[in-house]
Asks: 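The structure that follows is given in the form of structure tokens.
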Amino acid sequence: LGDVYKRQAMEFLRVCREKAFDQVVVSMKSSNTRVMVAAYRLLVDAMEREGMDYPLHLGVTEAGNGIEGRIKSAVGIGALLADGIGDTIRVSLTEAPENEIPVAQLLVDHFARRSGEFAVKYPERYTPTRYCRRSDIQTPLIHSELPADWRGIEAVAVKAAADLGPLFLDGLADGIRIDAPHLSEKEIAEIELMILQAARVRMSRTEYIACPSCGRTLYDIEGTLAAIRARTSHLKNLKIGVMGCIVNGPGEMADADYGYVGAAPGRITLYKGRTVVEKNIPQEEALDRLVALIKANGDWADPENQPERP
């Protein structure tokens with residue numbers, strides 16, 4: 001699929017070059033991090049082969065909300081920033097728009113602090129027989145003394161996802177361990193599982209493909225996503241699309257198992273895969289009918305029958 005994205009983008013870029021139009025920024029977003037990363041990498045390779053250098057806008061679309069949405073964005077965007085790819089970014093969250101900026105800034109700052117060169121500059125300083133400091137920190141810190149921006153669960157999740165997620169996207173890692181003594185074992189385990197799921201290597205929870213709200217959104221998508229999550233988050237290996245409108249919704253949730261899409265004010269259309277199952281139903285009935293649809297297709301399990309997550 002990434003190659004399809006690349007070929008379509010190159011068709012338009014060749015037209016732009018032929019017409020001497022250079023006011024172009026290219027975005028290859030997808031809600032699937034593996035597709036998104038592959039598409040950008042393939043596009044960069046194709047542009048270099050044809051002498052193009054158009055700026056790239058990075059993002060994982062419909063990433064959802066909460067820590068899970070932040071991790072999914074960090075895995076995809078982080079993989080490309082680590083490659084030196086990308087000129088602008090957006091973290092798309094199903095939350096108030098102002099919540100997106102701090103996460104994007106956290107990612108940018110995380111990579112901006114790196115030189116991009118990892119060679120050992122002073123190998124003579126490293127010896128197993130003589131003690132010397134390897135940094136300018138003279139007094140080592142304990143975890144409670146770390147700067148506040150290092151210790152919050154959001155900072156840990158975003159930075160760990162940006163650094164570790166790409167290794168799983170590229171098939172280079174077999175396990176994950178995050179060392180964050182200030183977080184509980186449960187919090188760390190949840191972050192680790194979310195990173196593995198965002199990298200598409202281990203599915204341990206329901207995945208929500210949910211758009212950030214815009215002027216076309218026909219209902220309270222943030223509140224609705226929370227209500228849907230409360231009823232369905234115990235399910236495993238399911239993808240549920242929660243879309244604000246029918247303009248982009250059906251296409252952008254194309255790989256979801258079920259879809260909940262705004263059709264008109266107060267009206268919802270339900271999907272099974274890409275097929276419309278129930279059209280223009282009252283919103284107050286939509287969540288119950290979504291659950292009924294999942295049950296009718298044999299994908300439901302009661303919460304008490306679910307194994308406890310590590």
Side-chain angles (χ1 to χ4, degrees), residues 5 9 24-41 43-44 54-116 146-169 178 180 183 190-191 194-195 197-200 207-217 221-222 225-226 242-244 248 252:
Y5 280 34
V24 178
V25 177
V26 185
S27 178
M28 306 281 279
K29 293 183 180 182
S30 170
S31 63
N32 183 314
T33 54
R34 189 173 293 175
V35 170
M36 171 259 193
V37 170
Y40 279 103
R41 286 173 172 173
L43 178 64
V44 168
Y54 295 102
L56 301 175
H57 174 65
L58 309 183
V60 178
T61 192
E62 279 81 46
N65 65 351
I67 293 297
E68 192 167 355
R70 287 157 173 78
I71 286 175
K72 192 172 182 180
S73 291
V75 167
I77 295 172
L80 295 168
L81 292 179
D83 288 346
I85 295 172
D87 299 282
T88 62
I89 70 171
R90 180 190 175 186
V91 174
S92 296
L93 299 174
T94 310
E95 299 179 14
E98 57 268 25
N99 291 352
E100 298 178 351
I101 304 301
V103 186
Q105 190 67 58
L106 180 60
L107 271 172
V108 169
D109 291 345
H110 184 57
F111 285 95
R113 293 189 181 104
R114 300 178 176 179
S115 65
L146 294 174
D149 64 343
W150 290 14
R151 291 186 276 119
I153 188 170
E154 178 180 87
V156 171
V158 169
K159 292 178 180 180
D163 289 338
L164 303 178
L167 299 175
F168 290 98
L169 280 175
I178 297 173
L183 299 182
E190 287 292 298
I191 292 171
M194 289 179 192
I195 291 173
Q197 179 147 325
R200 322 299 291 183
E207 180 172 346
Y208 299 94
I209 303 169
C211 63
S213 60
C214 72
R216 294 190 300 265
T217 303
I221 192 167
E222 189 174 350
L225 176 59
V242 184
M243 297 290 146
N248 293 329
E252 293 184 347

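This structure is a prediction, so every number in the text was calculated from the model and none was measured.
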Asks: List the residues meeting salt bridge (charged side-chain N to carboxylate O under 4.0 Å, His left out) with Glu207, not counting sequence neighbours, and say none if there are none.
Replies: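 Salt bridge (charged side-chain N to carboxylate O under 4.0 Å, His left out) check on Glu207 returns Lys72, Arg200.
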Asks: Closest heavy-atom contact between Ala210 and Thr94?
Replies: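 So the minimum-distance heavy-atom pair works out to O-OG1, 3.0 Å.
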Asks: State, to 0.1 Å, how close Val75 and Ala198 come at their nearest heavy-atom pair, and which atoms those are.
Replies: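 Scanning both residues, the minimum pair turns out to be CG2-CB, 3.8 Å.
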Asks: With sequence neighbours left out, write down each residue that passes side-chain contact (heavy atoms from CB on, under 4.5 Å) with Glu222, or none if nothing qualifies.
Replies: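 Glu95, Asp220.
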Asks: When rounded to the nearest 0.5 angstrom, what distance separates CZ in Arg70 from CG in Asn99?
Replies: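 So the gap between those two atoms works out to 6.0 Å.
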Asks: For the CG atom of Leu225 and the CG atom of Asn65, what is their distance to the nearest 0.5 Å?
Replies: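 Leu225 atom CG to Asn65 atom CG measures 4.5 Å (nearest 0.5 Å).
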Asks: Are Glu100 and Ser73 packed together at the side-chain level, in the sense that at least one heavy-atom pair is separated by less than 4.5 angstrom?
Replies: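 When only atoms from C-beta onward are counted, Ser73 and Glu100 do not touch, as no gap falls below 4.5 Å.
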Asks: Where do Asp83 and Arg41 land on the side-chain contact (heavy atoms from CB on, under 4.5 Å) test, with the steps shown first?
Replies: CA-CA 9 Å; Asp83 288 346; Arg41 286 173 172 173; 2.8 Å; yes
Asks: Looking at CG of Asp87 and CG of Leu58, how far apart are the two atoms once the value is rounded to the nearest 0.5 Å?
Replies: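 These two atoms lie 7.5 Å from each other.
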Asks: Between atom CD of Gln105 and atom NE2 of His110, what is the distance when rounded to the nearest 0.5 Å?
Replies: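 The NE2 atom of His110 is 13.5 Å from CD of Gln105, to the nearest 0.5 Å.
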Asks: Which atoms form the tightest heavy-atom contact between Ala79 and Leu169, and what is the distance?
Replies: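 That would be CB-CD1, 4.0 Å.
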Asks: So, taking the atom named OG1 in Thr33 and the one named CZ in Phe168, what distance separates them when rounded to the nearest 0.5 Å?
Replies: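 Answer for the OG1-CZ pair, Thr33 versus Phe168, is 12.5 Å.
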Asks: Provide the closest heavy-atom pair for Ile221 versus Val242 in the form atom of the first, atom of the second, distance.
Replies: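 For Ile221 and Val242, the tightest heavy-atom pair comes out as CD1-O, 3.6 Å.
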Asks: In Å and rounded to the nearest 0.5 Å, what is the CE to CD distance from Met243 to Glu62?
Replies: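 Between atom CE of Met243 and atom CD of Glu62 there are 4.0 Å.
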Asks: Any donor and acceptor pair, going by atom type alone, linking the side chain of Tyr40 with main-chain N or O of Met28 inside 3.5 Å?
Replies: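 Flag set: sc Tyr40 to bb Met28 pair under 3.5 Å.
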Asks: Is any side-chain heavy atom of Leu80 less than 4.5 Å from a side-chain heavy atom of Ile89?
Replies: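 No - every pair of side-chain heavy atoms lies 4.5 Å or more apart.
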